[in-house]
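Written out below as structure tokens is the structure these notes cover.
Here the structure is a predicted model, which is why all the values come from computation and not from measurement. Lettering of chains follows the sequences in order, A, B, ..., and the numbering in each one begins at 1.
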There are 2 protein chains.
Amino acid sequence: MKPKMTLKKIASELGLSISTVSKALKDNKDISKENREKVQAFAKFYNYRPNSVALSLKNKRTKTIGVIIPEIVHHYFAKVISGIEEVANSKEYNVIIGVTNESYRKEIINMEMLIDGSIDGFIISLSKETLQKADYTHLQETINQNIPIVMFDRAVNEIPSDKIVIDDRESGRMAVQKLIDEGRKKILLLTTKDYLNIGRLRTEGYKDALAENRIPFDEDLVVRIGELGDSDEDQRMLEERINKVFELHPDIDGIFGVNEIYAVTALNVARLRGLDVPETLSVIGFSDGILSKYARPHLTTVSQHGFQMGEIAAQTLINRLEEIDSGEETPYTTQVVKTELIIRDSTLNQVVQKK
Amino acid sequence: MKPKMTLKKIASELGLSISTVSKALKDNKDISKENREKVQAFAKFYNYRPNSVALSLKNKRTKTIGVIIPEIVHHYFAKVISGIEEVANSKEYNVIIGVTNESYRKEIINMEMLIDGSIDGFIISLSKETLQKADYTHLQETINQNIPIVMFDRAVNEIPSDKIVIDDRESGRMAVQKLIDEGRKKILLLTTKDYLNIGRLRTEGYKDALAENRIPFDEDLVVRIGELGDSDEDQRMLEERINKVFELHPDIDGIFGVNEIYAVTALNVARLRGLDVPETLSVIGFSDGILSKYARPHLTTVSQHGFQMGEIAAQTLINRLEEIDSGEETPYTTQVVKTELIIRDSTLNQVVQKK
DNA sequence: TTGTACGCGTTATCAT
DNA sequence: ATGATAACGCGTACAA
């Protein structure tokens with residue numbers, strides 16, 4: 001039960017002054033070699049560590065970054081946090097996590113809890129509710145208080161800040177183009193209701209690809225899915241809806257789901273209907289989650305590189321923080337992280353020759 | 001660009017002393033109503049928040065807990081963190097996350113990074129490497145420095161601390177008993193190499209169930225799997241091994257996998273071999289992850305209640321911290337969280353009558 | 001070569 | 001009713 005060491009205790013123990021001890025620990029040449037060694041040995045023995053709270057108070061920076069995310073039980077966000085952690089730790093920053101559960105209120109509460117000097121800056125992905133309300137005053141106020149924000153994934157143009165995003169529209173286009181390249185003509189889109197940018201943009205990409213290939217857009221082939229809970233009930237409803245579309249359009253030969261759940265569910269439904277994947281039907285999902293990997297057949301998906309996004313977000317925030325320290329200020333940037341189509345077994349390997 | 005408000009600034013702005021302002025903000029009756037209102041209005045307008053770093057320094061507690069986990073991209077741990085967050089936030093605690101990636105070295109680095117006064121206590125699940133080395137001096141030293149530790153899941157008897165665990169052995173027994181109740185006689189066990197307590201205890205449970213039902217234990221039916229990477233390569237090897245066992249023992253009628261990956265993989269392999277699940281073969285996994293839920297057929301598993309474990313761990317740590325504050329000390333406890341068999345579609349519903 | 005004093009922001013005790 | 005002062009732990013400019 002060692003008491004924790006402080007400069008003061010070391011000083012009194014060794015009959016020196018606090019500042020002498022402080023300097024000795026930094027190996028300051030002002031202090032006699034003799035005392036330096038004595039102090040250092042003593043400090044090491046009692047493994048003294050400078051109190052970080054005192055340092056934070058003095059330096060006016062905590063070397064801690066606040067990460068606000070909608071969900072932590074979610075492969076993508078977990079990956080992002082991993083990336084943030086990695087970079088942050090390598091730069092001696094700590095990471096405090098706040099989870100909003102997609103709630104506007106909890107987003108504000110979480111941020112206010114940290115805005116009292118606990119953190120130097122935020123990395124945040126907005127909650128769905130915040131996007132729906134489109135009320136970003138809490139973000140603006142944070143920035144007004146000189147606390148920098150880096151937004152990732154669910155960013156918003158109204159707020160001036162650094163942003164890390166993927167090109168959802170282009171990614172959607174790319175995925176659907178892949179299906180068309182295989183010779184698919186009747187492509188089912190599984191997307192979200194429109195308030196989430198994500199779903200909307202990926203839907204635009206779907207339309208882009210069709211248009212570029214002169215395939216007429218058919219609203220019948222678009223299933224817009226509302227909020228999906230965790231329950232088996234919701235899951236069954238989703239299956240139901242997909243089944244219904246297949247009944248009306250048994251000749252669907254491609255599926256693009258804007259997230260993993262949609263795509264995997266559709267894949268399962270299709271197989272239960274006796275369809276061969278990928279022989280007669282190709283399926284592509286979105287997100288590099290674990291479901292896609294273990295689905296049968298393994299699901300081809302658009303990977304978002306969550307880990308990399310986290311790394312970039314952390315690096316960007318830390319750069320900004322150190323910039324502030326040194327007085328300069330560069331303009332805000334928006335970095336677009338490239339997505340990648342990971343070809344697995346739910347699509348054809350060879351591309352059908354275009355006629 | 002409002003500068004952040006401090007007591008000092010308010011005081012000088014209002015022509016009062018710092019201590020008057022401080023008291024006024026607490027609505028201390030010593031201060032004239034007039035001044036109280038003036039100060040409070042002013043503070044509210046500039047939304048003043050007491051600097052938490054200064055408070056931490058003064059109070060000698062940060063109201064922050066450090067959570068050290070092996071992996072964050074893992075459904076179970078993500079759930080636990082959720083539970084911790086929930087309880088911590090409701091008690092006005094912040095949560096700092098440190099990820100070890102199963103490395104002993106990173107575990108120490110992470111802990112040392114926080115042990116400098118950044119946090120009041122730890123919640124930790126040990127890394128595999130730490131368990132292998134069985135070197136727990138860093139934990140003991142943390143405790144010696146009066147920083148309480150709550151261990152969860154991967155806890156260890158050598159260290160005196162509060163612990164939250166599940167009964168792995170009993171859970172394994174329960175799962176296998178369920179298979180036996182269905183009339184299964186030749187049950188394949190997929191487990192880990194022995195250095196991880198988890199796998200070993202669940203294996204014991206497997207043996208218990210067999211013994212209780214007078215089914216001879218057959219080493220041939222135990223597959224001990226080493227470290228599994230994230231790569232498709234490793235995955236394929238796993239499938240290979242399971243396949244081989246099936247070739248030698250085509251009449252296996254039950255499978256118990258000590259984790260989700262093993263069970264889902266076995267499920268897929270079995271189906272590819274043309275076996276009907278659950279008609280001729282039942283499969284049970286471990287952990288309430290997402291894979292089990294979306295596997296086909298949906299996988300019956302032993303749920304570990306990760307969220308609840310997180311809640312309990314956080315509550316236990318906070319209790320301990322407040323106890324220390326008030327001087328009393330209660331003995332360390334080990335809380336066992338009950339697991340639950342979640343029956344889905346990879347096992348039979350009805351129990352075969354025992355003869 | 002060593003020590004004193006100050007400030008970071010806050011609260012609590014003790015004058016006035 | 002208000003204000004000055006000390007203390008939390010640290011680093012550093014300035015004295016000695």
Taking atom types as modelled and ignoring hydrogens, do the side chains of T20(A) and S17(A) form a donor-acceptor contact shorter than 3.5 angstrom? yes
Using a cut-off of less than 4.0 Å, is there contact between a side-chain N or O of K58(A) and OP1 or OP2 of dC6(C)? no
What's the closest nucleotide to the side chain of L57(A) if the choices are dG9(D), dT1(C), dA13(D)? dG9(D)
Do the side-chain N or O atoms of S17(B) get closer than 4.0 angstrom to the phosphate oxygens (OP1, OP2) of dG3(D)? yes
From CG of N28(B) across to P of dT11(C) the rounded distance in Å is 12 Å
Consider salt bridge (Lys or Arg N to Asp or Glu O under 4.0 Å). Of E107(B), E71(B), E102(B), which one does R154(B) pass it with? E102(B)
Mind checking if I31(A) touches a base, just sugar-phosphate, or nothing, with heavy atoms under 4.0 Å? base
Give N51(B) one of three labels, base, sugar-phosphate or nothing, depending on what nucleic acid heavy atoms sit under 4.0 Å from its own. sugar-phosphate
Does OP1 or OP2 of dG11(D) have a side-chain N or O of K26(A) closer than 4.0 Å? yes
If I compare all heavy atoms of P160(A) with all of Y332(A), which pair ends up nearest, and what's the gap? O-CE1, 3.4 Å
Please indicate whether K91(B) has more than 12 foreign heavy atoms, meaning atoms of other residues, nucleotides or ligands, lying under 6.0 Å from its NZ. no
Just the rounded figure in Å: distance from P of dA12(C) to CD1 of I18(B). 15 Å
Once you apply a heavy-atom cut-off of 4.0 Å, does S19(A) come out as touching a base, just sugar-phosphate, or nothing? base
Looking across every strand, which nucleic acid part, if any, lies under 4.0 Å from S22(A) by heavy atom: base, sugar-phosphate, or nothing? base
Rounded off to whole Å, could you give me the CG-to-P distance for the D27(B) and dA1(D) pair? 13 Å
At what distance, to the nearest 0.5 angstrom, does CZ of R105(A) lie from CD of E129(A)? 9.5 Å
What does L7(B) touch in the nucleic acid at a heavy-atom separation under 4.0 angstrom: a base, only the sugar-phosphate, or nothing? base
Looking at dT11(C), dG11(D), dG3(C), which one has an atom nearest to any side-chain atom of P50(A)? dG11(D)
Round to a whole Å and report the spacing from NZ of K4(A) to C1' of dC10(D). 16 Å
Hey, does S32(A) reach any base, or is it just sugar-phosphate, or nothing, if we go heavy atoms under 4.0 Å? sugar-phosphate
Mind calculating the distance between CD (E34(A)) and C1' (dT2(C)) to the nearest angstrom? 13 Å
So, for R320(A) and P331(A), which heavy atoms are closest and what is the spacing to 0.1 Å? NH2-O, 3.3 Å
Would you mind telling me which residue lines up with the more 5' stretch of DNA chain C, K23(B) or R49(B), judged by nearest nucleotide? R49(B)
Please work out if K8(A) contacts a base, only the sugar-phosphate, or nothing of the nucleic acid, heavy-atom cut-off 4.0 Å. sugar-phosphate
Mind calculating the distance between CG (L55(A)) and P (dG9(C)) to the nearest angstrom? 15 Å
K60(B) vs dG9(D): side-chain N/O to OP1/OP2 distance below 4.0 Å: yes
Between D30(A) (CG) and dA15(D) (P), how many Å, whole number? 16 Å
Which residue, N59(A) or K29(B), contacts DNA chain D at a nucleotide closer to its 5' end, judged by nearest heavy atom? K29(B)
What is the distance, rounded to the nearest whole Å, between atom CG of L16(B) and atom P of dA4(D)? 11 Å
